[in-house]
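Heads up, the thing below is written out as structure tokens.
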Amino acid sequence: MKKGLLKYLLGAVVLLIVFVIVGKKMGWIGKPLTTAVYVEKPEFRTITESITANGKIQPEVEVKISSEVSGEIIELPVKEGDWVEKGSLLCRIKPDTYISMKERAIASVNSANARLLQSKAQMAQAELSFNRSKQLYEQKAISESEFETAKTNYEVAQAELKAANYSVESAEASLKEAEENLRKTTIYSPISGTVSKLNVELGERVVGTIQMAGTEIMRIANLNRMEARVDVNENDIVKVEIGDTALIEVDAYLGRKFKGVVTQIANTANVQGATTDQVTNFEVRIFILESSYKDLVTNTKTSPFRPGMSTTVEILTNTKQNVLTVPILAVTTRIDSVKTRKEWDKVGENNTEEKTSNSKIEAPKEIVFVAKGDTARIVEVKTGIQDNQYIEIIEGLTADDEVVSAPYSAISRNLKDKSLIRKVKTKEELFKSEK
């Protein structure tokens with residue numbers, strides 16, 4: 001009996017607690033529940049909209065050096081980090097095979113020229129024989145068949161002379177190719193710059209690029225002109241324009257921002273990930289202004305940045321001055337519709353016409369809560385650009401309105417139109433009341 005009585009008592013206590021909570025909310029018991037909020041008046045500020053992207057530092061100009069011919073490296077006078085002038089020797093490949101190819105090509109040219117001389121002599125002989133046969137034929141001193149034989153020999157000699165000429169041209173072309181391949185065994189620098197990467201050692205064999213990808217021997221870069229290459233999401237790329245200013249943070253120089261200018265925007269996207277989880281980005285190149293890192297320069301031929309350094313870039317896409325603004329956290333969204341989708345799903349099958357005509361749900365509207373006495377009223381607003389803290393208000397508010405800016409949990413979920421509120425003077429009081 002004691003256990004049964006205890007169960008009844010516990011049930012009664014739970015019901016009483018529920019009744020007290022509901023009654024307090026509804027105003028039946030004591031004072032109705034209010035939400036402590038912090039309010040601010042909209043202010044006129046200058047807002048700069050920005051886009052943040054991550055990427056790497058790379059030279060503005062970087063040339064990959066590969067050999068067009070295959071062979072063993074017999075001379076490599078540079079090492080990584082060396083400065084080289086345009087036209088200076090970078091690498092030499094063993095030329096023995098290509099020297100032999102050139103000598104064979106020279107022999108082929110000589111042989112073709114000898115055959116050409118022979119064809120010319122045969123042509124001259126055939127021409128004399130034809131002219132003599134022609135005179136005799138006109139005098140009816142020889143038969144028609146003998147004349148035709150002389151004529152045919154003359155035409156054959158003409159054809160052989162043309163073939164000999166073509167053979168000479170072909171042999172000379174082969175000689176030029178052999179000389180060009182021999183010349184390619186010596187590689188010179190196409191630009192002035194620094195050897196930013198060296199992939200081979202003396203004595204290694206490299207594969208030429210004539211018929212395949214080939215071996216990348218080294219890279220030459222102008223390290224005193226560096227740029228940040230970042231990936232910008234497809235939703236933000238439409239805001240970026242060439243000439244936009246950018247603030248660049250490099251992991252190697254924490255706490256410092258360098259200035260840059262957008263110089264190039266990719267037209268083709270880089271798609272990463274599987275089909276169901278693809279990320280579409282566009283590469284944006286930002287030239288780093290030397291004036292922003294001049295104090296870090298110790299060598300006039302190089303910058304303080306190295307290829308491959310990680311960077312975070314903030315691209316400033318738009319700036320508006322003296323516009324009405326409120327804190328970003330003060331703006332939230334609400335769905336304004338007579339019935340939500342779930343409510344319309346409950347409509348019976350017999351009400352198909354009503355369901356079809358009223359099932360359109362409006363897009364979420366941007367709103368703020370404005371304090372009117374001890375209540376919060378919903379005000380629909382039209383917003384513009386935003387930065388990290390504030391958002392532009394184009395329509396809906398005046399500078400005299402008191403906008404609820406904290407706490408965000410109340411703004412985003414709890415507050416409704418005509419909800420009772422209690423203003424606090426500082427945000428610290430708000431946090432204390434939450435505790």
How about [X] and [Y]: does a side-chain donor come under 3.5 Å of a side-chain acceptor?
| X | Y | value |
| --- | --- | --- |
| S189 | S88 | no |
| S409 | R413 | no |
| S50 | E314 | yes |
| S291 | K259 | no |
| T383 | E366 | yes |
| S405 | E40 | yes |
| T317 | D244 | no |

When rounded to the nearest 0.5 angstrom, what is the spacing between [atom1] in [X] and [atom2] in [Y]?
| X | Y | atom1 | atom2 | result |
| --- | --- | --- | --- | --- |
| Q389 | L329 | CD | CG | 10.0 Å |
| R285 | I265 | CZ | CD1 | 12.5 Å |
| E402 | I421 | CD | CD1 | 8.5 Å |
| I187 | R92 | CD1 | CZ | 10.5 Å |
| K94 | R205 | NZ | CZ | 8.5 Å |
| K239 | N318 | NZ | CG | 9.5 Å |

Between F305 and Y293, is the ring centre distance below 6.0 Å? yes

If every non-hydrogen atom of [X] is compared with every non-hydrogen atom of [Y], which pair is closest and at what distance?
| X | Y | value |
| --- | --- | --- |
| S310 | K56 | OG-NZ, 3.0 Å |
| N233 | N235 | OD1-N, 2.9 Å |
| R334 | I367 | CG-CD1, 3.3 Å |
| T332 | I411 | CG2-O, 3.6 Å |
| P95 | I74 | CD-CD1, 3.9 Å |
| N181 | Y98 | CB-CD2, 3.8 Å |

Would S192 and E85 satisfy side chain to side chain donor-acceptor pair (under 3.5 Å), going step by step from the backbone distance to the final call? CA-CA 4 Å; S192 296; E85 296 291 342; 3.2 Å; yes

Would R115 and S111 count as a side chain to side chain donor-acceptor pair (under 3.5 Å) if you check the C-alpha gap in whole Å, the side-chain angles of each, and the deciding distance to 0.1 Å? CA-CA 6 Å; R115 284 196 297 271; S111 176; 2.8 Å; yes

Donor-acceptor under 3.5 Å (S412 side chain, Y408 main chain): yes

Report the C-alpha distance between R183 and E180 in whole Å, list the side-chain angles of each, state the deciding distance to 0.1 Å, and finish with yes or no for salt bridge (charged side-chain N to carboxylate O under 4.0 Å, His left out). CA-CA 5 Å; R183 186 188 63 79; E180 181 67 13; 2.2 Å; yes

More than 12 non-hydrogen atoms from neighbouring residues, nucleotides or ligands closer than 6.0 Å to [atom1] on [X], yes or no?
| X | atom1 | result |
| --- | --- | --- |
| R45 | CZ | yes |
| N414 | CG | yes |
| K423 | NZ | yes |

Salt-bridged, [X] to [Y], with N to O below 4.0 Å?
| X | Y | result |
| --- | --- | --- |
| R229 | E227 | yes |
| K320 | E392 | yes |
| D295 | R256 | yes |
| R377 | D417 | yes |

For D387 and T48, run side chain to side chain donor-acceptor pair (under 3.5 Å): C-alpha distance rounded to whole Å, both residues' side-chain angles, the deciding distance at 0.1 Å, then the answer. CA-CA 6 Å; D387 58 15; T48 300; over 6 Å; no

Show your reasoning for whether side chain to side chain donor-acceptor pair (under 3.5 Å) applies to S196 and E62. CA-CA 9 Å; S196 60; E62 185 176 48; 3.2 Å; yes

